[in-house]
Enquirer: 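Below are the structure tokens for one structure; questions will follow.
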Amino acid sequence: MIRMYFVFQDPLDDAEVNLSFVDVPTRDTDKALERLEDAADSGELWRLMYPDDQDHPYRLIENKVSYLDISTLPHEPNTGTVLPI
């Protein structure tokens, strides 16, 4: 499992940017990054994060993404943070 941390433009935030994360069920970092970018482009990521607010134009800042392989860490995945492949 790869945890993807990302910064996005958020018109509702005072700083107009926000930091969040999602967990992608893969150990392939390139695949996780591609999945994150695809989900952001399609709007799936924003629906996952803000299911009740689809009126605001959130946008991923692609050069502000990092990741951590959490496959070996003991944790219970939270379905609200998992971006399925």
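If you're wondering where the values come from, they're calculated on a predicted model, not measured in any experiment. These values consider heavy atoms only, across backbone and side chains, with no hydrogens, waters or symmetry-generated copies.
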Enquirer: Look up atom CZ in R3 and atom CD1 in I70, then write down how far apart they are to the nearest 0.5 Å.
Expert: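 It is 4.0 Å, given to the nearest 0.5 Å.
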Enquirer: Any side-chain heavy atom of Q9 sitting closer than 4.5 Å to one from E16?
Expert: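 They are not in side-chain contact.
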Enquirer: Measure across V82 and P25 and return the closest heavy-atom pair with its distance rounded to 0.1 Å.
Expert: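 Taking every non-hydrogen atom into account, CG1-CD, 4.2 Å.
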Enquirer: Could you go step by step and tell me if V22 and L48 meet the side-chain contact (heavy atoms from CB on, under 4.5 Å) rule?
Expert: CA-CA 10 Å; V22 291; L48 175 69; 4.1 Å; yes
Enquirer: Parallel, tilted or perpendicular: which describes the rings of W46 and F6, with under 30° parallel and over 60° perpendicular?
Expert: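 The rings of W46 and F6 stand perpendicular, inter-plane angle above 60°.
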Enquirer: Which residue is it: N63, V65, L19? I am looking for the one with a side-chain contact (heavy atoms from CB on, under 4.5 Å) to V7.
Expert: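 Only one option passes, and that is L19.
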Enquirer: What pair of heavy atoms forms the shortest contact from R27 to M1, and how long is it?
Expert: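 In this case the closest contact between R27 and M1 is CG-N, 4.0 Å.
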Enquirer: Going through the distances and angles, do K31 and T29 end up as a side-chain contact (heavy atoms from CB on, under 4.5 Å)?
Expert: CA-CA 5 Å; K31 190 174 192 175; T29 56; over 6 Å; no
Enquirer: Could you pull out all residues at least two apart from D38 that satisfy side chain to side chain donor-acceptor pair (under 3.5 Å)?
Expert: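 Not a single residue meets the side chain to side chain donor-acceptor pair (under 3.5 Å) criterion with D38.
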Enquirer: Just so I know, are the side chains of L83 and R35 near enough to count as touching, which here means a heavy-atom distance under 4.5 Å?
Expert: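 SC-SC contact between L83 and R35 confirmed.
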Enquirer: Please report the shortest heavy-atom distance between R47 and S42, naming the atom on each side.
Expert: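 What the structure gives for the nearest pair is NH1-O, 3.6 Å.
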Enquirer: Are Y50 and D55 close enough that a side-chain donor and a side-chain acceptor fall under 3.5 Å?
Expert: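 Their side chains do not contain a donor-acceptor pair, so the 3.5 Å distance test is not met.
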Enquirer: Does some side-chain heavy atom of M49 sit less than 4.5 Å from a side-chain heavy atom of F8?
Expert: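 They are in contact (side-chain heavy atoms under 4.5 Å apart), so the answer is yes.
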Enquirer: Look up atom CD1 in I2 and atom OG1 in T26, then write down how far apart they are to the nearest 0.5 Å.
Expert: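 Rounded to the nearest 0.5 Å, the CD1-OG1 separation comes to 6.5 Å.
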Enquirer: With no hydrogens and no angle check, do the side chains of D69 and S71 hold a donor and an acceptor under 3.5 Å apart?
Expert: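 The answer is yes; a qualifying pair exists.
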Enquirer: Are V24 and L36 close enough that some pair of their side-chain heavy atoms sits under 4.5 Å apart?
Expert: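 Contact flag for V24/L36 side chains = no.
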Enquirer: Listed by chain and number, what are the ring pair (Phe, Tyr, Trp, His ring centres under 6.0 Å) partners of Y67, not counting sequence neighbours?
Expert: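 Once residues adjacent in sequence are excluded, Y67 has no partner under the ring pair (Phe, Tyr, Trp, His ring centres under 6.0 Å) criterion.
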Enquirer: Would Y58 and L12 satisfy side-chain contact (heavy atoms from CB on, under 4.5 Å), going step by step from the backbone distance to the final call?
Expert: CA-CA 9 Å; Y58 303 105; L12 301 179; 3.6 Å; yes
